Protein chains: 2
Amino acid sequence: MLKISSLNLNGIRAAHRRGFKDWIAQSNPDIICLQELRAMEHQVPGPIQSLNYHAFYHTAEKKGYSGVGILSREEPISVQDGIGVDWIDQEGRVIMAEYTDLTVFSIYAPSGTTGDARQELKMEFLDVFLPFAHQHLEGDKPVVFCGDFNICHRPIDIHNPKRNKNTSGFLPEERKWVSLLLDTGFEDVYRRLHEGEPDLYSWWSYRAASKERNKGWRIDYHMTSPELLDAAEEAVIEKDWDLSDHAPVTISYNLG
Amino acid sequence: MLKISSLNLNGIRAAHRRGFKDWIAQSNPDIICLQELRAMEHQVPGPIQSLNYHAFYHTAEKKGYSGVGILSREEPISVQDGIGVDWIDQEGRVIMAEYTDLTVFSIYAPSGTTGDARQELKMEFLDVFLPFAHQHLEGDKPVVFCGDFNICHRPIDIHNPKRNKNTSGFLPEERKWVSLLLDTGFEDVYRRLHEGEPDLYSWWSYRAASKERNKGWRIDYHMTSPELLDAAEEAVIEKDWDLSDHAPVTISYNLG
DNA sequence: CTTACTATG
DNA sequence: CATACTAAG
């Protein structure tokens, strides 16, 4: 069994203070895909650097901003940073680690909540991401894109679909993009293992006690090639941990 | 009896969180001279605005920076902001309140610790302050200049005089300036009521647990006209309160 | 609301 | 070390 977690940390230093190491010790994933490090590599807390994981980071040029990483028990065959578009790669939003049996990505799509300019860049990211993802889907290894896509797919994935129908993250064009991804070969494994189950979210605003009232959004995904859906045995959102405003999305795959 | 307190708040919002109102309720000064508000007037916490004091503030133009104020039970006859020099008045460092029986100033001298440019401006402030103070000393009312002068006068006023002999705040030219002030008619009332007593400080760095080890500096003063020295009955530094990195310097005057 | 950053002390 | 600010989410 291969246990893979995806977690937006909202600052790896803050997450460390909130018990990131305890969560790792208890959940013990084989691979952890991280988003929003909000730190340079040298700023990663020592205790995290000392963990018994191989660690790879692709950080933003801007201090305290964005950044993705992959931690794994097994040493990857190769690691690759970025997606090949300058502005995206300067923001540290894509990292890949290739292993013997599968290829893993940690993805952090831009947020569009701060204005039109960023929303346009978010759509540009999605446009660039789609062929990039398909290119890797057509490789001969199983592939999983873990991460914070900053999009809720369907009404069931958000606590208040009506109120948010014009909100970045739940816009029709964003939701269609997820549908397109799923219609062209990818599987939203967490949802496939929890079809029709409401109130399952991976992010809650820090404002207005959203988490305790479970007023959340499901915006963190494992988007996989079909064989990984077949391999998936258990998918959980570990919302009992308060490591950041997101919860770890953890899936156990039986790769036979 | 007239009880006057001087307190550098290091942010009136932070001081409010740390119990500023409780201190007022317990110490109950008639007049409170405040320094380092670090807030615009509209940012002063509501509970402080609701106190049974007349309140006057002279804030800096720069947000979150400097600013002085005077609170008093009695309504002043007049209030005046500033000292008449643009850069000083833009930094909110001087406010005066005139009462029937005396005139009170709240003074916040610049710090020179951030570099040569600021040290030069500190000396310029002191140069401007001296004639300003004497002009008011020669009025017909008792006068008190309360505040953070950012200078330790003598070795007894600092925990480590040798180590700090080249440190801004204990430089020879700064110490001489205080001596000049005292040689030309002003009284350092707190010291006059505690002659020769060591280890009496009004500020402790937040670093290195300075306060619990009493590694402090006495940089907050009541500088008064001679009749107020005669009137002073009790002078205390209220160091049991942790309202900021400074302690209130509180003196009770018997104005007969 | 929370995490970063930066300036100031 | 602590308090503000700002940008970002």
Side-chain angles (χ1 to χ4, degrees), chain A residues 8-18 20 35-40 43-45 59-67 91-93 108-115 117-119 121-122 148 150 167-169 203-213 215 217 219 242-246, chain B residues 8-18 20 35-40 43-45 59-67 91-93 108-115 117-119 121-122 148 150 167-169 203-213 215 217 219 242-246:
Chain A
N8 178 314
L9 296 159
N10 192 25
I12 195 166
R13 287 166 287 183
H16 177 240
R17 291 193 297 269
R18 289 163 166 268
F20 180 55
Q35 302 90 38
E36 268 205 284
L37 302 169
R38 304 189 64 175
M40 302 301 180
Q43 296 173 307
V44 172
T59 60
E61 290 182 0
K62 185 170 170 177
K63 280 206 268 185
Y65 182 71
S66 188
E91 293 191 357
R93 297 193 173 276
Y108 177 42
S111 167
T113 58
T114 49
R118 288 303 295 179
Q119 182 61 31
L121 287 170
K122 179 179 183 177
D148 176 0
N150 263 314
T167 305
S168 173
W203 173 80
W204 303 262
S205 169
Y206 274 129
R207 302 179 216 193
S210 301
K211 191 171 183 181
E212 65 183 55
R213 301 184 297 147
K215 305 285 185 188
W217 301 41
I219 60 180
D242 281 305
L243 306 170
S244 72
D245 47 351
H246 296 247
Chain B
N8 178 315
L9 296 159
N10 192 26
I12 195 165
R13 285 166 287 184
H16 177 241
R17 291 192 298 268
R18 289 163 166 267
F20 180 54
Q35 303 89 38
E36 268 204 285
L37 302 169
R38 302 188 67 174
M40 302 302 180
Q43 297 174 306
V44 172
T59 61
E61 290 182 0
K62 185 171 170 178
K63 280 205 267 186
Y65 182 71
S66 188
E91 293 191 357
R93 297 192 173 276
Y108 177 42
S111 167
T113 57
T114 47
R118 288 302 297 178
Q119 182 62 30
L121 287 171
K122 178 178 183 177
D148 176 0
N150 263 314
T167 306
S168 173
W203 173 80
W204 303 263
S205 167
Y206 275 128
R207 301 180 216 192
S210 301
K211 191 170 182 181
E212 65 183 57
R213 300 185 298 146
K215 306 284 186 192
W217 301 41
I219 60 181
D242 280 306
L243 306 171
S244 73
D245 46 351
H246 296 248

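Below, chain A is the first sequence line, B the second, and so on; all start at residue 1. Quick caveat, the model's predicted, so the values are computed rather than measured. We use all heavy atoms of the structure for the numbers below, so side chains are in, but hydrogens, waters and symmetry mates are not.
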Undergrad: Run the side chain to side chain donor-acceptor pair (under 3.5 Å) test against W217(B) and tell me which residues pass, sequence neighbours left out.
TA: none

Undergrad: Taking only residues two or more places apart in sequence, or in another chain, which ones meet R17(B) in a salt bridge (charged side-chain N to carboxylate O under 4.0 Å, His left out)?
TA: none

Undergrad: First contact, last contact: which nucleotides of DNA chain D are these for chain B, 5' to 3', heavy-atom distance under 4.0 Å?
TA: dC1(D) to dT6(D)

Undergrad: Go along nucleotides 2-9 of chain C 5' to 3' and tag each nucleotide: B for a protein heavy atom under 4.0 Å from its base, S when only backbone or sugar atoms are that close, - otherwise.
TA: SBSSSSSB

Undergrad: Can you name the residues that form a side chain to side chain donor-acceptor pair (under 3.5 Å) with T114(B), not counting sequence neighbours?
TA: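 None.
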
Undergrad: If the condition is salt bridge (charged side-chain N to carboxylate O under 4.0 Å, His left out), which residues does R38(A) pass it with, not counting sequence neighbours?
TA: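 Counting only residues at least two positions away or on another chain, R38(A) forms no salt bridge (charged side-chain N to carboxylate O under 4.0 Å, His left out).
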
Undergrad: Which residues pass the salt bridge (charged side-chain N to carboxylate O under 4.0 Å, His left out) test with K215(B), sequence neighbours left out?
TA: none

Undergrad: Sequence neighbours left out, what passes side chain to side chain donor-acceptor pair (under 3.5 Å) with S210(B)? Give chain and number order.
TA: none

Undergrad: Applying salt bridge (charged side-chain N to carboxylate O under 4.0 Å, His left out), can you list everything that pairs with E36(A), at least two apart in sequence or on another chain?
TA: none

